[in-house]
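Below: the structure, in C-alpha cells.
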There are 2 protein chains.
Amino acid sequence: MILKIDMTSDIPIYQQIRNQIVFGVAKGNIKAGDSLPTVRQLANDIGVNPMTVNKAYALLKEEGIILIDRRHGAKISNLGMKGNAFDPDFDQRAELLIAEARMKGASRQDVKMHILNLIDSVYE
Amino acid sequence: MILKIDMTSDIPIYQQIRNQIVFGVAKGNIKAGDSLPTVRQLANDIGVNPMTVNKAYALLKEEGIILIDRRHGAKISNLGMKGNAFDPDFDQRAELLIAEARMKGASRQDVKMHILNLIDSVYE
DNA sequence: TGTTTGTATTATAATAAATGATACAAAAGG
DNA sequence: CCTTTTGTATCATTTATTATAATACAAACA
C-alpha cells in the first residue's frame, strides 16, 4: 500500500495516514474486505514508529471504517463511517474552504464548477 | 466584534480567530476598510492572552487580509487573500470532506446539493 | 510628553505528537 | 502445546506546538 506522507506538513502523520485511507476507501481504490498492512509493516514502509500507525488505525477503528482482529490485522469494514455526513463540522470546514476561495478571488461559479468536479472525481 | 471561540475544540484558539475573521470578510459581514479590535481588546473580550490574538492577526497580515499600523491597529484590506484559490491544499481538504461524506453514506447528489447550498450562503 | 498600538522577548506550563522499547494478550497454525 | 504473528498496552523520553504572563520597546499620533 502506497501512502504519501509529507513529513513537513502541519498535519500530523497519524492524521495523514487516516485521511489517505479514508480517501482510498471512498474512492474505491481500497474495498470492503481488503486487508490493510499490519501496523509494523506500514510503520516500516513509511519509516515511522508502529505506535504512530497504531494511532491512525485506532482512529479508523473508532470511526467504523476498519475492523481489527489480533491475528489477521486490519481490514476494511463494509459498514462505512459512523456519523452524519452533514454535521456542523462538515459545514464549518466546507464554509471555511469556500470563504478562503472567495477571499482569493474565486467567483461563485468558479467555486461551484471546481467543487462539482472534485465531487465527480471522488464518486467516479 | 463577536467571535465564537470553542475552548474545547481541537482547533487552536488562534486558528479559530483567524478562521472566523476570514469567514466574516468572505461573507461580507466585515468589509474592506473596517477596523478590527485591538489585540488587547479582542484578547480581553475572548478571555485569552494578547499574544494569542496577535498570532491570529500576524497570520491574517501575512495572508494579506488585514493591514496593520501601529497607531490604528488592524483593518481589513481590500486586496483579498494571497494565493491561488484552487491550490493542492484546497483540493486535498475538499476531497477529504467529500470522501468522508461518502463514507458516511451520502450520495453524490446529496453532497452536490448540500455544498452548492453552502456556496450560495457564503456568496449571498 | 503622554497615550495607544503592535511587536518583541523571555520564561513557563500544558498539551500533542512521535518515538523507542518492552511486554502482554489474542488467535491461529504446526 | 509451542511458535508465530498480530494488535495493544505501558512506560519513558523527546520534540513541537499552543497558550500564557510579564515586561519592554518602537512607532505614531494628539
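Computed from a predicted model, the values in this text were never measured in an experiment. Letters go in sequence order (proteins before strands), and every chain restarts at 1.
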### Message
For a quick test of reading the model: is some side-chain N or O of A:Asn49 closer than 4.0 Å to OP1 or OP2 of C:dA18?
### Response
no
#### Entry: d(CD1, A:Ile11; P, D:dA16) in whole Å
19 Å
### Query
Given the rule in the side chain to side chain contact (heavy atoms under 4.5 Å, CB included) test, do B:Phe90 and A:Lys104 qualify, once you have shown the distances and angles that lead to the verdict?
CA-CA 11 Å; B:Phe90 180 95; A:Lys104 293 179 183 178; over 6 Å; no
### Summary
Heavy-atom nearest nucleotide on DNA chain C taken for B:Met51 and for B:Gln41; more 5' hit belongs to B:Gln41
## Note on the structure
Residue set satisfying side chain to side chain contact (heavy atoms under 4.5 Å, CB included) with A:Arg71, at least two apart, ordered chain then number -> A:Asp69
### Message
Without decimals, in angstroms, what is the distance between A:Ile68 CD1 and D:dT5 C1'?
### Response
15 Å
#### Entry: D:dA19 phosphate, OP1 or OP2, under 4.0 Å from B:Thr52 side-chain N/O
no
### Within-4.5 Å side-chain heavy-atom neighbours: B:Glu63 and A:Met103
no
### Task
Specify the separation, in whole Å, of atom CG of A:Leu42 and atom P of D:dT8.
14 Å
### Message
Measure CG/B:Asp10 against C1'/C:dA17 and give the value in whole Å, please.
### Response
13 Å
### Task
Could you list by number each residue of residues 55-66 of chain A showing a heavy-atom separation from DNA chain C of less than 4.0 Å, or answer none if no residue does?
A:Lys55
### Summary
From OH of B:Tyr14 across to C1' of C:dA16 the rounded distance in Å is 13 Å
### Query
How about A:Lys4 and A:Asp6: do any of their side-chain heavy atoms sit closer than 4.5 Å?
no
### Summary
Interatomic distance, CG@A:Asp110 vs CZ@A:Arg108, rounded to 0.5 Å, equals 12.0 Å
### Query
Is there side-chain contact between B:Leu97 and A:Leu97, with at least one heavy-atom pair below 4.5 Å?
yes
### Message
Any non-hydrogen side-chain atom of A:Tyr57 less than 4.5 Å from a side-chain atom of A:Thr38?
### Response
no
### Length of the line joining B:Ile13:CD1 and C:dA14:P, which is rounded to integer Å
16 Å
### Task
Please report, rounded to the nearest Å, how far the C1' atom of D:dA21 is from the CG atom of B:Asn44.
15 Å
### Query
B:Leu67 has an atom CG; how far is it from atom P of C:dT7, in whole Å?
12 Å
### Message
Is there a side-chain contact between B:Asp120 and A:Lys112 in this structure, where contact means two heavy atoms from C-beta onward sitting under 4.5 Å apart?
### Response
yes
### Query
For DNA chain C, whose closest nucleotide is more 5', that of A:Gln15 or that of B:Pro37?
B:Pro37
### A:Asn19 vs B:Glu95 side-chain heavy atoms within contact, under 4.5 Å
no
### Task
If a protein heavy atom is under 4.0 Å from the base, mark B; if only from the sugar-phosphate, S; if neither, -; do that for nucleotides 24-30 of chain D going 5' to 3'.
B-BSBS-
### Residue-phosphate contact under 4.0 Å: B:Asn54 side-chain N/O, C:dT7 OP1/OP2
yes
